[in-house]
Amino acid sequence: METRILGRTGRQVGVVGLGCWQLGGGWGTVDDEQALGVLRAAVDAGVTFLDTADVYGDGRSETFIGRFLRERGREGLTVATKVGGRADRKVAEAFTADNLRAWTDRSRRNLGVDTLDLVQLHCPETAVYSTDAVFDALDDLVSSGAIAAYGVSVETVDEALTAIARPNVATVQIILNAFRLKPLDRVLPAAREAGVGIIARVPLASGLLSGKYDEHTTFAPDDHRTFNRHGEAFDVGETFSGVPYEVGVRASREVREIAGDTLTAAFALRWVIDQPGVTAVIPGASSPDQVRGNIAAAELPPLTDQQLADLERLYDERIREHVHDRW
Ligand SMILES: NC(=O)c1ccc[n+]([C@@H]2O[C@H](COP(=O)([O-])OP(=O)(O)OC[C@H]3O[C@@H](n4cnc5c(N)ncnc54)[C@H](OP(=O)(O)O)[C@@H]3O)[C@@H](O)[C@H]2O)c1
């Protein structure tokens, strides 16, 4: 698989990683065998970059990865986790040196490693990005060897730009997909200029961009695509990328047509991979087959000019009004 340098971490990672939220919870039931099967399928097929968080299943996702690392070894793999989601409120006052130390120590234990490869602040409130003390504490964690590098996972373009301007932020994780184009305007160019890695999350718009759902599809009660459809539990932009479900289903039918003979999910991921400034895309998956389908994106040719123009038109006609000015 093609590899790229993960921003200021200096590490090489494959362009298609694995999002490991599904291994924790929030997507209906994923049992232990299924979770480990997804991880094994990914790494066996060439994935070298895993993204998790301390709150995915309250440590379940990290613990699975820890178990997997013990089985297989860490060689060649980069594991990014996130902290901050365990705070009552993700305000600057919660991101103290003591809390950051305690959260990262817990992730080190869950993952079974002395040094975390990459720790991302997990969508804190906007003011955190301008709070020097938070980043001083992260610098101290790097100096102590508890973490090798840090980055941020953001909701908005403005938060990304503030983070990129900081000297030691290695990576920015942001929603980017054919239904979320705003990061293309300023965030990707700024990240490239600064040498900051871009981790593109929710690349399939929570599965919409696989083209497989219709107006009658239902999701389990404990799947965020049921319980967060209107932002009841966390930022609505994380579920279906903020696109109203029925609008997304209609638009995804068109994406399927534009993709032609190519598997729609892989086609949608190829689009993300080819945006200048993107380091890696981290689709989540609920089965080994999905993992393998997604990895196929790394071998696809770039989209044609006609396909790119068709996607842009689709965004302008159907999607832009719902998302463009919100994040
Ligand atoms: N705040 C944050 O920092 C944050 C927020 C969200 C996500 N993330 C990270 O980003 C990762 C990716 O985002 P995401 O998981 O939310 O959304 P996503 O990658 O856009 O969508 C994942 C879903 O798409 C479907 N899918 C995946 N591959 C498929 C394939 N080949 N064919 C058909 N369907 C396929 C599956 O849905 P079904 O289960 O219906 O099959 C899967 O659960 C997460 O796992 C997590 O690591 C971070």
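Just so you know, residue 1 is the first one in the sequence shown, and it goes up from there.
In terms of the side-chain hydrogen bond (donor to acceptor under 3.5 Å, both in side chains) criterion, residue partners of Asp274 (sequence neighbours excluded) are, by chain and number, Arg270. Remark: Gln22 engages no residue in a side-chain hydrogen bond (donor to acceptor under 3.5 Å, both in side chains) (not counting sequence neighbours). Residues satisfying the ring pair (Phe, Tyr, Trp, His ring centres under 6.0 Å) test with Tyr150, not counting sequence neighbours, are none. Shown here are the ring pair (Phe, Tyr, Trp, His ring centres under 6.0 Å) partners of Trp327, two or more places apart in sequence or in another chain: there are none. Every residue meeting the side-chain hydrogen bond (donor to acceptor under 3.5 Å, both in side chains) condition with Arg313, not counting sequence neighbours, appears here in chain and number order: Glu317.
Within 6.0 Å of CD on Gln12 lie more than 12 heavy atoms contributed by other residues, nucleotides or ligands. Within a 6.0 Å sphere centred on CG of Asp305, other residues, nucleotides and ligands contribute 12 heavy atoms or fewer. Around CZ of Arg192, the count of heavy atoms belonging to other residues, nucleotides or ligands within 6.0 Å does not exceed 12. Surrounding CD of Glu33 are at most 12 heavy atoms belonging to other residues, nucleotides or ligands under 6.0 Å away. Heavy atoms of other residues, nucleotides or ligands lying less than 6.0 angstrom from CD of Glu2 number more than 12. For Glu71, the CD atom is densely surrounded, since the number of other residues' heavy atoms within 6.0 Å is greater than 12.
One hydrophobic cluster, built from ILVMFWY side chains closer than 4.5 Å, cannot hold both Leu18 and Val30; they sit in different ones. Hydrophobic clustering (side-chain heavy atoms under 4.5 Å, transitive across Ile, Leu, Val, Met, Phe, Trp, Tyr) groups Val196 together with Val154. Residues Val323 and Phe234 do not share a hydrophobic cluster, defined by chaining ILVMFWY side chains whose heavy atoms lie under 4.5 Å apart. Under the 4.5 Å side-chain contact rule for hydrophobic residues, Ile319 and Ile174 share a cluster. Under the 4.5 Å side-chain heavy-atom criterion for grouping Ile, Leu, Val, Met, Phe, Trp and Tyr, Val169 is connected to Leu138 within one hydrophobic cluster.
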Thr279 vs Ile5, side-chain contact (heavy atoms from CB on, under 4.5 Å): CA-CA, chis, key distance, verdict
CA-CA 7 Å; Thr279 310; Ile5 294 176; over 6 Å; no

Dump the intermediate steps for side chain to side chain donor-acceptor pair (under 3.5 Å) on Thr81 and Glu62, then the final yes or no.
CA-CA 8 Å; Thr81 192; Glu62 285 185 334; 2.6 Å; yes

Applying side-chain contact (heavy atoms from CB on, under 4.5 Å) to Val83 and Val55, what does each step give before you reach the verdict?
CA-CA 8 Å; Val83 299; Val55 286; over 6 Å; no

Leu77 vs Phe68, side-chain contact (heavy atoms from CB on, under 4.5 Å): CA-CA, chis, key distance, verdict
CA-CA 11 Å; Leu77 296 180; Phe68 178 74; 4.2 Å; yes

Evaluate salt bridge (Lys or Arg N to Asp or Glu O under 4.0 Å) for Arg166 paired with Asp132, printing each intermediate quantity in order.
CA-CA 9 Å; Arg166 290 205 160 263; Asp132 292 343; 2.8 Å; yes

Would you please test Gln306 and Leu311 for side-chain contact (heavy atoms from CB on, under 4.5 Å) and show each step?
CA-CA 9 Å; Gln306 185 62 53; Leu311 284 180; over 6 Å; no

Stepwise salt bridge (Lys or Arg N to Asp or Glu O under 4.0 Å) check, Arg186 with Asp158
CA-CA 9 Å; Arg186 289 187 298 150; Asp158 288 340; 3.3 Å; yes

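Within the model, atoms CH2 of Trp27 and OG of Ser206 stand 4.5 Å from one another, a figure rounded to the nearest 0.5 Å. Between atom CZ of residue Arg253 and atom NZ of residue Lys212 there is a gap of 15.0 Å, rounded to the nearest 0.5 Å. Rounding to the nearest 0.5 Å gives a distance of 9.0 Å between CG of Leu208 and CZ of Arg225. Note: Leu269 CG to Ile295 CD1 = 10.5 Å, rounded to the nearest 0.5 Å. Expressed to the nearest 0.5 Å, how far OG of Ser241 lies from CG of Leu209 amounts to 7.5 Å. Taking CG of Asp139 as the reference point, atom CG of Asn168 lies at 4.5 Å (rounded to 0.5 Å).
Arg4 contributes no side-chain N or O that, together with a main-chain N or O of Gly7, makes up a donor-acceptor pair within less than 3.5 Å. For Thr239 (side chain) and Val236 (main-chain N/O), no donor-acceptor pair under 3.5 Å exists by modelled atom type. At distances below 3.5 Å, at least one donor-acceptor pair connects side-chain atoms of Gln290 with backbone N or O atoms of Ser286. Looking only at distances, a side-chain donor or acceptor of Gln307 sits under 3.5 Å from a matching main-chain atom of Thr304. Side-chain N or O atoms of Glu232 include one that pairs as donor or acceptor with a backbone N or O of His230 at under 3.5 Å. A donor-acceptor pair under 3.5 Å is formed between the side chain of Thr226 and the backbone N or O of Ala220. Side-chain atoms of Arg201 never come within 3.5 Å of backbone atoms of Pro283 as a donor-acceptor pair (strictly under, hydrogens ignored). Judged purely by atom type and a 3.5 angstrom limit, Lys82 uses its side chain to pair as donor or acceptor with the backbone of Thr52. A distance-only check finds a donor-acceptor pair linking the side chain of Thr156 to the backbone of Glu159 [under 3.5 Å]. Without hydrogens or angle criteria, Thr96 side chain to Asn99 main chain gives a donor-acceptor distance under 3.5 Å.
In this structure, Arg320 is not positioned above the aromatic face of Tyr315 in the sense of NZ or CZ being under 6.0 Å from the six-membered ring centre and within 45° of the axis. Note that Arg229 lies in the cation-pi zone of Tyr245, set by a 6.0 Å cut-off to the ring centre and a 45° limit from the axis.
Aromatic pair Trp103/Phe95: centroids less than 6.0 angstrom apart.
A salt bridge is defined here as a Lys NZ or Arg NE, NH1 or NH2 lying under 4.0 Å from an Asp or Glu carboxylate O, and Asp140 with Arg101 fails to meet this definition. Ionic pairing of Arg11 and Asp117 is present here: one or more N-O contacts between side-chain nitrogen and carboxylate oxygen are shorter than 4.0 angstrom. Contact check on Arg292 versus Asp44 returns no salt bridge, with no Lys/Arg side-chain nitrogen under 4.0 Å from an Asp/Glu carboxylate oxygen. The pair Asp58-Arg106 counts as a salt bridge, with a side-chain nitrogen and a carboxylate oxygen less than 4.0 angstrom apart.
Considering only heavy atoms from C-beta on, Ile65 comes within 4.5 Å of Val79 through its side chain. Between Val15 and Val281, every side-chain heavy-atom pair lies at or beyond the 4.5 Å cut-off. For the pair Ile198 and Thr171, the minimum side-chain heavy-atom distance is 4.5 Å or more.
Of the options Trp21, Phe219, Tyr56, a ring-ring contact (aromatic ring centres under 6.0 Å, His included) to His224 is made by Trp21 and by none of the others. The side-chain contact (heavy atoms from CB on, under 4.5 Å) with Leu23 is formed by just one residue from the set Leu36, Asp32, Val38; it is Val38.
Through side-chain heavy atoms spaced under 4.5 Å, either directly or across other Ile, Leu, Val, Met, Phe, Trp or Tyr residues, Val202 is tied to Ile175.
Arg256 and Thr264 share no donor-acceptor pair across their side chains, judged by distance under 3.5 Å alone. Neither side chain, Glu238 nor Asn228, offers a donor N or O lying under 3.5 Å from an acceptor on the other.
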